[in-house]
Amino acid sequence: MNHIKTNDFQEIVTGRRSIRYYDPSVKISREEIKKILETASLAPSSVNLQPWRFLVIDTPEGKETLAPLARFNQSQVETSAAVIAVFADMNSSDYLDGIYDTAVQKGFMPEDVKNQQVKSIKGFFEVMTTDQLKEMNLIDAGLVSMQLMLAARAHGYDTNPIGGFEKAEIAQAFGLDKDRYYPVMLISIGKAANQGYQSVRLPVDQITEWR
């Protein structure tokens, strides 16, 4: 297994820029995007339900559909190799049994532990409100989104997270169930046309307290 060296990881993090203009001649194969998404999907999630769902928009037709829904981010939509819409699946608990059964099959978890955990998790979901579920899913979707951007950077690509788009319309525009799939963010990906700008971060001493 290849391990990323500390210096490599530091460069991935510090070298990342939010890019608005990409080189439109650079394309990313679906096979490579799939590898990036596989790495992103290793992010942690509450009770391992992995509620994130990805919509990769990489065709002219897809971008034409997206353009009016991301009207203030036209440069990213037009010039990026792809825009990845990250959704939270509000029915992610449907996958609970399958995930935990597979964990047993792979030897990651004993059968009795699985049975106990699945029973407990199902009881937890029975009393959870829609707002609580949405909050949990948004946290998990945020984790996978950041990991996606770092994975893209490790592959040599640049990204930009986009929160300004028509969230009430995007699922239905692409034929998804708007009540099930809650939009979290768009992430444009490609090769930067310029270096972008570094951004200022507050000092750790200013944002941290010790007790």
Side-chain angles (χ1 to χ4, degrees), residues 1-46 48-63 65-67 69-70 73 75-89 92 95 99 102 106 137-165 167 170-171 174-176 181-196 199:
M1 178 181 295
N2 293 326
H3 295 277
I4 297 177
K5 297 179 181 179
T6 301
N7 288 343
D8 294 336
F9 179 73
Q10 188 73 7
E11 193 282 328
I12 288 171
V13 175
T14 59
R16 194 194 69 78
R17 301 285 186 273
S18 289
I19 298 299
R20 297 186 63 85
Y21 295 94
Y22 297 88
D23 181 347
S25 70
V26 175
K27 308 300 180 184
I28 307 175
S29 70
R30 290 190 172 185
E31 181 181 358
E32 188 168 16
I33 290 178
K34 183 178 177 180
K35 289 179 180 178
I36 291 171
L37 295 177
E38 286 173 346
T39 300
S41 296
L42 297 174
S45 63
S46 303
N48 197 29
L49 275 186
Q50 306 157 56
W52 43 74
R53 303 292 182 262
F54 306 112
L55 171 65
V56 181
I57 304 164
D58 64 347
T59 66
E61 296 78 14
K63 287 191 172 187
T65 300
L66 178 62
L69 304 176
N73 296 280
S75 59
Q76 295 97 313
V77 173
E78 292 173 5
T79 63
S80 64
V83 178
I84 301 172
V86 182
F87 292 87
D89 185 355
S92 60
Y95 296 85
I99 291 171
T102 302
K106 290 181 175 292
N137 285 346
L138 285 173
I139 292 172
D140 293 341
L143 290 170
V144 81
S145 296
M146 187 69 252
Q147 189 139 312
L148 194 164
M149 289 186 282
L150 294 177
R153 180 67 185 167
H155 278 251
Y157 299 112
D158 302 286
T159 57
N160 185 29
I162 300 169
F165 61 99
K167 294 184 178 180
I170 188 167
F174 286 95
L176 301 177
Y181 298 104
Y182 185 82
V184 179
M185 71 176 72
L186 304 176
I187 299 174
S188 58
I189 178 172
K191 182 70 74 170
N194 52 47
Q195 291 186 345
S199 54

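What you see is a predicted model, and the numbers here were worked out from it, not measured in a lab.
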Would you compute the distance between atom OG of Ser80 and atom OH of Tyr21 and round it to the nearest 0.5 angstrom? 13.0 Å
Smallest separation among heavy atoms of Ile19 and Gln76, with atom names: O-CG, 3.8 Å
Which distance, rounded to the nearest 0.5 Å, do you find between the CG of Leu143 and the CG of Leu148? 12.5 Å
When you measure from the side chain of Thr79 to the backbone N and O of Asp23, does any donor-acceptor pair fall under 3.5 Å? no
Applying side chain to side chain contact (heavy atoms under 4.5 Å, CB included) to Ile170 and Leu186, what does each step give before you reach the verdict? CA-CA 10 Å; Ile170 188 167; Leu186 304 176; 3.7 Å; yes
Taking Lys35 for its side chain and His155 for its backbone only, find out whether a donor-acceptor pair lies under 3.5 Å. no
Member of Ile36, Asp158, Thr159, Ile189 meeting the side-chain contact (heavy atoms from CB on, under 4.5 Å) criterion with Arg153: Asp158
For Ser45 and Trp52: C-alpha separation, side-chain torsions, deciding distance, then whether side chain to side chain contact (heavy atoms under 4.5 Å, CB included) applies. CA-CA 9 Å; Ser45 63; Trp52 43 74; 3.7 Å; yes
Of all heavy-atom pairs linking Ala171 and Phe87, the shortest is CB-CE2, 4.0 Å
Determine, stepwise, if the pair Tyr182 / Asn137 fulfils side chain to side chain contact (heavy atoms under 4.5 Å, CB included). CA-CA 9 Å; Tyr182 185 82; Asn137 285 346; over 6 Å; no
How many angstroms lie between atom CZ of Phe174 and atom CG of Leu66, to the nearest 0.5 angstrom? 5.0 Å
Minimal non-hydrogen separation, Ala40 against Val144, with atom names: O-CG2, 3.2 Å
List the atom of Lys167, the atom of Pro183, and the distance in Å for their closest heavy-atom pair. O-CG, 3.2 Å
Using modelled atom types and a 3.5 Å cut-off, is there a donor and acceptor pairing between side-chain atoms of Gln147 and backbone atoms of Ser41? no
Nearest non-hydrogen partners of Ala141 and Ser145, listed with the distance: O-OG, 2.7 Å
Tell me if the CD atom of Glu31 is crowded by more than 12 foreign heavy atoms within 6.0 Å. no
Indicate yes or no for a side-chain donor-acceptor contact from Ser92 to the backbone of Ala88 under 3.5 Å, with no hydrogens or angles considered. no
Could you check Lys27, Arg30, Lys34 and say which one makes a salt bridge (Lys or Arg N to Asp or Glu O under 4.0 Å) with Asp58? Arg30
Any cation-pi pair here, Lys191 with Tyr22, using under 6.0 Å and within 45°? no
Distance under 6.0 Å and angle within 45° of ring axis: Arg53 vs Tyr95: yes
What's the separation between atom CG in Asn73 and atom CD1 in Ile162, rounded to the nearest 0.5 Å? 4.5 Å
Evaluate the side chain to side chain contact (heavy atoms under 4.5 Å, CB included) criterion for residues Leu138 and Val184: first the C-alpha distance (whole Å), next the side-chain angles of each, then the deciding distance (0.1 Å), finally the verdict. CA-CA 7 Å; Leu138 285 173; Val184 179; 3.8 Å; yes
To the nearest 0.5 angstrom, please state how far the CG atom of Asn48 sits from the CD1 atom of Ile99. 5.5 Å
Enter the distance from Glu78:CD to Ser188:OG here, rounded to the nearest 0.5 Å. 12.0 Å
Please give me the minimum heavy-atom distance between Tyr157 and Glu32, naming the atom from each residue. OH-OE1, 2.7 Å
